[in-house]
Amino acid sequence: MPEETLSITDNRTATSYTIPIEHGAIRAMDLRQIKTSPEDFGLMTYDPAFMNTACCQSRITYIDGDKGILLYRGYPIEQLAEHCTYLEVAYLLLYGELPTAAQLEEWAQAITHHTMLHENTKRIIEAFRHDAHPMGVLASAVAALSTFYPEAKNVHDPAVRRLQILRLLGKIPTIAAYAYRHSLGYPYVYPDNDLSYTENFMNMLWRMAEPKFQPNRTLARALDVLFILHADHEQNCSTNAMRSIGSSLADPYLTMAGAIAALSGPLHGGANEAVLRMLNEIGSKDNIPAFIKKVKAGECKLMGFGHRVYKNYDPRARIIKQIAEEVFEVTGRNPLIDIARELEKIALEDEYFVKRKLYPNVDFYSGIIYQAMGFRPEMFTVLFAIGRTAGWLAQWQEMLEDPAQKIARPRQLYLGHARRDFVPMEQRAVAELVR
Ligand code: SDX
C-alpha cells in the first residue's frame with residue numbers, strides 16, 4: 001500500500017519534502033516549510049474563488065458533482081424529499097440524526113413558539129419603500145434581530161445557540177411574509193400556531209379577511225419539499241460567508257444577514273429570479289435558437305445552468321421538475337415551463353454546454369413553480385433563504401464546535417508597489433488613471 005504522502009522537490013534549493021496526505025488533501029500549512037532561506041515566509045497556495053481549496057472538515061452534506069449525488073448526513077436528497085418535512089430535515093442537518101416522533105414534536109413546537117416578531121420589527125420593515133427588493137428587507141430585518149437578543153453573542157454556549165437557532169428558524173418565514181405584505185400594502189398577518197411550519201408561512205402571506213386560512217395541502221407540501229431541496233449544499237458562497245463571518249464570533253443574526261447578502265447575487269441564489277426574467281425575455285420557443293446563439297457568443301449566461309460542483313444534472317432540479325406538474329394541477333400550467341423544457345433539451349444537445357458540462361441547477365425550474373404559486377420574481381430568492389436557514393445554521397454551529405477553526409483570515413500574493421516615499425502635491429504629475 002503506497003504511503004499516504006506527497007514527495008515534493010523544490011528545484012530552487014534541490015531540497016525534498018514529504019507532505020502527509022489526509023482525506024485526499026494536504027495541509028496548506030505543511031507547504032510553509034518549503035523555503036529558499038530562513039527569512040523566506042515559505043510557500044502558500046494561490047486559489048482565487050477557492051476552486052480547489054477545502055476550508056473545513058464537515059459531516060453535514062456530501063455532493064458527488066460527477067454523479068449528481070446529494071446526501072444530507074448520508075441520506076439521499078430524493079428519499080428526504082419524499083418522506084420528510086422541512087423541520088425534520090432541519091433537525092437532521094443541525095443534530096446529525098433523524099428525530100424520533102417525540103423529538104420532532106418538541107422541535108416543531110419549540111420553533112412554532114418563536115414565530116412572532118418584536119413589534120418594533122414591523123416599523124423597520126415599514127421604513128422601506130413598497131418596491132424595496134425583499135432580499136434587502138430580509139437581510140436588514142435579520143440583522144436587526146441582533147439588537148433584540150444581545151445574549152446571542154455568547155455563541156460558545158450551546159443553550160444560547162439553540163435558542164437563537166429556534167428563533168431564526170421560527171422568525172425567518174414571518175419576516176419574509178411581512179416583507180411580502182408590506183410590498184403590497186397589506187396588513188401583516190400574525191402566525192397561526194395551529195398550522196404546520198409551511199402552512200403558517202402561507203397563512204402569513206395570503207390570509208385576507210377570512211377568519212382562518214385554509215392552506216392548499218398540495219401547494220403546502222410542494223413548498224415544504226422546495227425548502228428541503230434548498231436546505232443545505234456544503235460550502236457554497238453564502239455558507240462560506242456564514243462560516244467566515246461567524247468565525248469572528250459575531251452573533252448568528254448579523255452573521256446570517258451576511259449569508260443572505262451573499263445569496264442575493266445572480267450567480268448564486270438570485271439566479272432563480274434571473275431565470276424567470278430570462279424566460280420572459282425569450283418569450284417563445286421560436287426565440288430559443290437566437291438566445292442560445294447569444295449565450296454561446298458570451299453575450300449572456302443561460303441562467304439556472306451550470307454549477308461549480310455539479311458536472312452532471314443537479315438532483316434537486318430533477319425533483320423540482322417533478323413537483324412542477326403537481327403544482328400546476330392546482331394552479332394551472334405555467335407556460336414558461338414549456339420554454340424551459342425546450343431550452344434544456346436544446347442546451348443539453350449543444351456542444352457548447354456539453355463540453356463545459358453545463359446542466360440545469362436548482363434555480364432553473366424553481367422560479368416557474370414559485371410564479372405559478374403566485375409569488376413575484378423578487379420573492380424567489382427569499383424562499384431560497386428560508387430553506388437555506390437550516391443549512392447556514394448547521395454549518396455555523398459545526399464551525400464553532402470545530403477545534404481546528406479560528407477566525408478566517410486568508411493570505412494574499414502582494415503584487416503592488418514596493419515601499420515608496422510620500423509625494424507633495426506640487427510634485428505630483430498628472431498620472432494616467434489606471435483603468
Ligand atoms: C446556486 O455552490 C452552490 O452549491 C450553489 C447552489 C447552492 O445550493 O448553494 O447550488 C445554488 O448558486 C446554483 C447556481 C445558480 N447560478 C446560476 O444559475 C447562474 C448561471 N451559472 C453560472 O454563472 C455558473 O455556472 C456558476 C456561477 C453557477 C458556476 O460558475 P463557475 O463554476 O465559476 O464556472 P465558470 O463561470 O468558470 O464557467 C466555466 C465555463 C465558462 O466558459 P469558458 O470561459 O470556459 O469558455 O462555463 C461557462 C463559462 O462562461 N458557463 C456558462 C454558464 N455557466 C458557466 N455559460 C453560459 N451559461 C451559463 N450558465
Side-chain angles (χ1 to χ4, degrees), residues 47-55 58 60-66 68-72 77 81 89 93 135 226-243 256 259-279 281-282 288 291-320 340 343-344 346-348 350-368 377 380-381 383-392 394-395:
D47 188 11
F50 313 125
M51 299 288 282
N52 190 42
T53 294
C55 68
S58 181
I60 298 171
T61 292
Y62 173 75
I63 301 173
D64 182 325
D66 292 329
I69 290 171
L70 171 58
L71 310 177
Y72 288 168
I77 190 69
V89 168
L93 289 170
M135 283 299 277
L226 283 160
F227 288 158
I228 291 172
L229 297 175
H230 287 82
D232 192 56
H233 215 236
E234 56 134 287
Q235 304 313 311
N236 58 85
C237 179
S238 53
T239 295
N240 182 248
M242 187 83 186
R243 279 179 169 262
M256 198 166 110
I260 293 167
L263 186 73
S264 70
L267 294 186
H268 190 11
N272 52 21
E273 177 180 349
V275 167
L276 241 292
R277 299 192 192 292
M278 174 187 75
L279 293 174
E281 179 198 316
I282 293 170
I288 291 176
F291 178 77
I292 292 284
K293 199 170 170 195
K294 279 172 61 179
V295 171
K296 290 162 70 172
E299 292 171 31
C300 61
K301 287 188 180 294
L302 176 45
M303 300 309 278
F305 255 66
H307 201 275
R308 174 64 55 78
V309 177
Y310 288 124
K311 300 308 172 190
N312 199 323
Y313 212 101
D314 184 333
R316 301 169 296 177
R318 206 186 300 282
I319 298 169
I320 290 172
L343 191 51
E344 175 191 337
I346 293 174
L348 295 186
D350 187 299
E351 178 54 22
Y352 174 93
F353 299 93
V354 173
K355 187 171 82 167
R356 293 167 176 82
K357 297 185 177 179
L358 302 177
Y359 291 85
N361 60 50
V362 69
D363 292 311
F364 191 63
Y365 286 104
S366 55
I368 296 168
F380 296 176
T381 311
L383 300 173
F384 192 144
I386 294 173
R388 188 51 57 89
T389 294
W392 284 332
Q395 299 275 351

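We count ligands from 1, going down the list as the structure has it; atoms in each ligand are counted the same way.
Not counting sequence neighbours, the partners of Lys296 by the side chain to side chain donor-acceptor pair (under 3.5 Å) test are Asp350. Residues meeting the side chain to side chain donor-acceptor pair (under 3.5 Å) test with Asp363, sequence neighbours left out: none. Applying the side chain to side chain donor-acceptor pair (under 3.5 Å) rule to Thr381 yields the partners Asn272; only residues at least two apart in sequence or on another chain are considered.
Across every non-hydrogen atom of Lys301 and Val295, the tightest pair is C-CG2, 4.1 Å. Residue Leu229 comes nearest to Ala81 through the heavy atom pair CD2-CB, 4.2 Å, listed as atom of the first residue, atom of the second, then distance. Across Phe380 and Gly367, no two heavy atoms sit closer than the pair CZ-O, 3.4 Å.
Contact shell of ligand 1 (protein heavy atoms, cutoff 4.0 Å): His233, Asn236, Pro266, Leu267, His268, Ala271, Val295, Lys301, Leu302, Met303, Gly304, Phe305, Gly306, His307, Arg308, Arg316, Tyr352, Arg356, Leu358, Asn361, Asp363, Phe384, Arg388.
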